[in-house]
Amino acid sequence: MTLGLTTAGESHGPALVAILTGLPAGLELDRAQIDADLRRRQQGYGRSPRQQLEQDEVEVLAGLRHGRTLGTPLALVVRNRDHSNWTWGMNAWPPEGEPTGKGTKPVTLPRPGHADLAGVLKYAHDDVRNALERASARHTAVHVAAGAVAKALLRELGIEVAGREVEIGGATGEAEMRAAMDAAKAERDTLGGVVEVRATGLPPGLGSYASREDRLDARLAAALMGIQAVKAVEVGDGLDLARRRGSEAHDEIEPGLARRSNRAGGVEAGMTNGEELVVRAAMKPLPTLMKPLDSVDLATGEAAQALVERSDVAAVEALAVVAEAAVAWELARLAVDKFGGDAIGDLVAAHRAYLERIPWAPR
Ligand code: EPS
């Protein structure tokens with residue numbers, strides 16, 4: 001069995017949904033813990049008023065009984081409260097009655113940096129909304145719910161994953177980051193930034209050098225670049241390693257197999273090497289500006305300004321939670337690939353047997 005994750009859902013549709021397959025039976029889930037991650041994703045400084053509308057919480061439709069997985073597909077739902085303002089505009093069926101609420105008029109002003117332009121061209125849409133709704137980072141909510149499930153599985157193996165923001169708009173300290181967001185907001189602009197995810201308790205040998213798609217760093221890069229607005233991913237000392245000599249770039253091995261440093265960020269040849277995993281993701285500034293960028297009205301072909309809607313100033317703190325979930329999902333997937341088992345006890349036993357075979361102490 002390998003873990004599988006499929007999601008669906010539009011930003012202002014009724015709900016976001018996820019189906020998780022391949023989870024072992026008997027894994028205990030805690031609703032409060034999943035909801036706590038959903039709230040963390042919403043709480044960052046600089047989020048839009050949309051976050052006051054949404055109070056995300058998970059619903060489980062299948063695959064769980066009395067808080068334990070059944071070994072069958074787990075179906076998760078996160079509802080969009082804002083949908084109540086879009087019941088005409090985002091109706092799945094031709095709506096009845098007069099247009100009312102939001103989303104009743106076609107959007108024809110594509111935002112540079114969003115899915116808007118290429119999305120309508122690719123799918124032959126005549127309303128940019130048909131592209132932006134799914135491209136929106138709103139659907140990261142259900143990925144965070146899936147990540148919380150992955151973290152519960154990893155915890156059974158003594159593995160912890162945590163994300164945090166390290167840079168917003170070029171600023172690093174907490175006060176400086178807030179000041180940068182206040183300044184950008186005053187100028188009706190937006191900011192990007194950098195987040196870091198660390199994971200402890202990873203035994204050596206998750207992932208494989210056997211083929212490209214099995215490499216842990218390839219999977220992490222794909223998972224993190226799959227998050228809206230992420231433009232670069234770095235493992236360990238990453239880009240900086242290219243500027244150093246070999247003697248300054250690797251992590252020497254000491255008796256007892258500990259490393260003298262962790263420049264590799266816990267990954268060598270596409271496998272965990274037993275050290276802490278350190279991975280960073282960089283996000284570009286959000287493309288919805290209150291001071292709109294130049295664009296073209298697709299209805300007339302004339303120069304115009306891009307769509308202005310309510311917007312976050314920055315969503316880097318949210319990205320820290322979303323990136324944590326993405327890394328947790330990939331690690332859980334590799335743990336299930338390596339240790340297998342239909343029941344959580346089988347997975348834990350295989351992990352324990354592996355740790356008995358190799359000389360490694362958790363770090
Ligand atoms: C987003 C635009 C904004 C954000 C949204 C992502 O939505 P709206 O246009 O409804 O204000 O608030 O993020 C979320 C709703 C969320 O829960 O993170 C976009 O265009 O990507």
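Each ligand, and each atom within it, is numbered from 1 in the order the structure gives. Keep in mind it's a predicted model, so treat the numbers as computed, not measured.
- Qualifying ring-ring contact (aromatic ring centres under 6.0 Å, His included) partners for W86, counting only residues two or more places apart in sequence or in other chains: H12.
- Sorted by first and then second residue, the ring pair (Phe, Tyr, Trp, His ring centres under 6.0 Å) pairs involving residues 146-198 (not counting sequence neighbours) form an empty list.
- Protein residues having at least one heavy atom under 4.0 Å from any atom of ligand 1 are H12, R41, R47, S48, R50, Q51, H114, S136, A137, R138, R310, D312, listed by chain and number.
- In this structure, the ring-ring contact (aromatic ring centres under 6.0 Å, His included) partners of Y354, at least two apart in sequence or on a different chain, are F339.
- In this structure, the side chains of L216 and L331 come closer than 4.5 Å at one or more pairs of heavy atoms.
- Between A249 and L241, the shortest heavy-atom distance links the atoms O-CD2, 3.5 Å.
- The residues D240 and R243 are annotated as salt-bridged, a charged nitrogen and a carboxylate oxygen being separated by less than 4.0 angstrom.
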